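Keep in mind it's a predicted model, so treat the numbers as computed, not measured. Quick note: residue numbers are just sequence positions, from 1.
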Amino acid sequence: MQDAEQLVAGLGGAENITEIEPCTTCLRVAVKDPLKVDEEALTICGAFGIVKIDHTIQVVVGPVADELAADMEKLR
């Protein structure tokens with residue numbers, strides 16, 4: 001759950017997240033304000049890569065994406 005908490009913080013906090021969708025190895029996260037996303041914090045907590053497209057952030061986390069998404073949903 002700690003990884004999920006760090007990811008939520010790196011994405012600008014629970015109030016900045018509008019949707020979380022896990023994929024095979026990444027999390028697709030819709031955010032209200034993409035400027036609040038801290039890419040360095042996401043990398044520090046284990047993200048292998050980050051892709052920002054407007055209000056959608058893709059965070060590559062590996063095969064634990066489903067588990068992390070479920071934990072992140074509990075924090076919203």
- Item | ILVMFWY clustering at 4.5 Å (side-chain atoms), partners of I53 |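 ILVMFWY cluster around I53 also holds V51.
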Less than 4.5 Å apart, side chain to side chain, heavy atoms only: is that true for [X] and [Y]?
| X | Y | answer |
| --- | --- | --- |
| V29 | E19 | no |
| L27 | E21 | no |
| T25 | V61 | no |
| V60 | I50 | no |
| M72 | L11 | yes |
| V31 | T18 | no |

- Atom pair CG/SG of D66 and C23 - distance to nearest 0.5 Å: 9.0 Å
- Distance (rounded to the nearest 0.5 Å) between E73 CD and I17 CD1: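 Output value for this atom pair is 8.5 Å.
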- Item | Whether K32 side chain and E15 backbone form a donor-acceptor pair below 3.5 Å |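 Yes; at least one donor-acceptor contact below 3.5 Å.
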- Task: Give a yes or no answer on whether the side chain of D54 reaches the backbone of T56 with a donor-acceptor pair at less than 3.5 Å.
- Result: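 Flag not set: sc D54 to bb T56 has no pair under 3.5 Å.
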- Message: Minimum heavy-atom separation for P22 and A65, please, with both atom names.
- Response: CB-O, 3.8 Å
- Task: Compare every heavy atom of L7 with every heavy atom of C45, then report the nearest pair and how far apart it is.
- Result: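 Scanning both residues, the minimum pair turns out to be SG-CD2, 3.5 Å.
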- Message: Restricting to salt bridge (charged side-chain N to carboxylate O under 4.0 Å, His left out), what partner residues turn up for E67, sequence neighbours left out?
- Response: none
- Taking salt bridge (charged side-chain N to carboxylate O under 4.0 Å, His left out) as the test, write out the residues that go with K52, two or more places apart.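 Only E39 meet the salt bridge (charged side-chain N to carboxylate O under 4.0 Å, His left out) criterion with K52.
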